[in-house]
Amino acid sequence: MRYWLMKTEPDVFSWEQFAEKGKASWDGVRNYQARNFMRDDFKVGDKVLFYHSSCPVPGIAGIATVSREAYPDPTALDVSSEYFDPASQKSGASRWVMVDLVPDRAFYPVASLAEIREIPELSSMLLLKTGQRLSIQPVTEREFQFITTRW
DNA sequence: GCCAACGTTGGC
DNA sequence: GCCAACGTTGGC
């Protein structure tokens, strides 16, 4: 089993919406490295840290579980979608994929980025690396265990 | 709103 | 293939 961190802007899709819906299809990823993680490495049962970015208190809002492995992201072919991708339309097939998640539990309060920064055991998390903007990142088992024990 | 640190695009 | 210009991310 592997562990991941996935970023979302709560203005677009929040933990609260996720929990209420009971499921999420992670569409809209338009970065090759992030896509490749989903396509090649995500397995059913993998655990995900659900991260809120670009908001008043950036941080991990809860934990989720991968419930379906990578399949084509249809928003790439939908001209009315903000995630529409002309190159996918041209080739006739979506070059982007998504996975499905189900919520596990929420963190109350969120594990804020500021708090995470202060914890020596978490100092090597990719999240804290300058310039690291990947929206999907691998997390080590130790990091995951530390966070879910603390929060 | 600022801006550092990227990734992508496209002319050559 | 190079690389300048441009666009995006995301904390602050």
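Sequence lines set the chain letters: A, B, ... in the order given, protein chains first and strands last, and positions in each chain run from 1.
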A:Met6 and A:Phe42: CA distance, side-chain angles, deciding distance, side chain to side chain contact (heavy atoms under 4.5 Å, CB included) verdict: CA-CA 12 Å; A:Met6 300 175 86; A:Phe42 270 56; 3.8 Å; yes

Gap between atom CE of A:Met125 and atom CZ of A:Arg117 - 0.5 Å precision: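 Spacing of CZ (A:Arg117) from CE (A:Met125) equals 11.0 Å.
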
Selection: residues 117-138 of chain A, any non-hydrogen atom under 4.0 Å of DNA chain C: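 When residues 117-138 of chain A is checked for heavy atoms under 4.0 Å from DNA chain C, the hits, listed by number, are A:Arg117, A:Arg133.
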
Nearest non-hydrogen partners of A:Pro103 and A:Phe18, listed with the distance: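 It is N-CZ, 3.2 Å.
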
CA sep, side-chain torsions, deciding dist, call: A:Ile119, A:Arg150, side chain to side chain contact (heavy atoms under 4.5 Å, CB included): CA-CA 11 Å; A:Ile119 297 174; A:Arg150 172 88 149 67; 4.0 Å; yes

Ring centre gap for A:Tyr32 and A:Trp96 strictly below 6.0 Å: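 Centroid separation for A:Tyr32 and A:Trp96: below 6.0 Å.
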
Heavy atoms of other groups near A:Arg105 CZ, more than 12 under 6.0 Å: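 Yes, enclosed.
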
Span of DNA chain B in contact with chain A (heavy atoms, under 4.0 Å):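 Reading along DNA chain B, I get B:dA5 to B:dT8.
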
Basic-acidic side-chain contact under 4.0 Å: A:Asp85, A:Arg95: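 A:Arg95 and A:Asp85: salt-bridged.
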
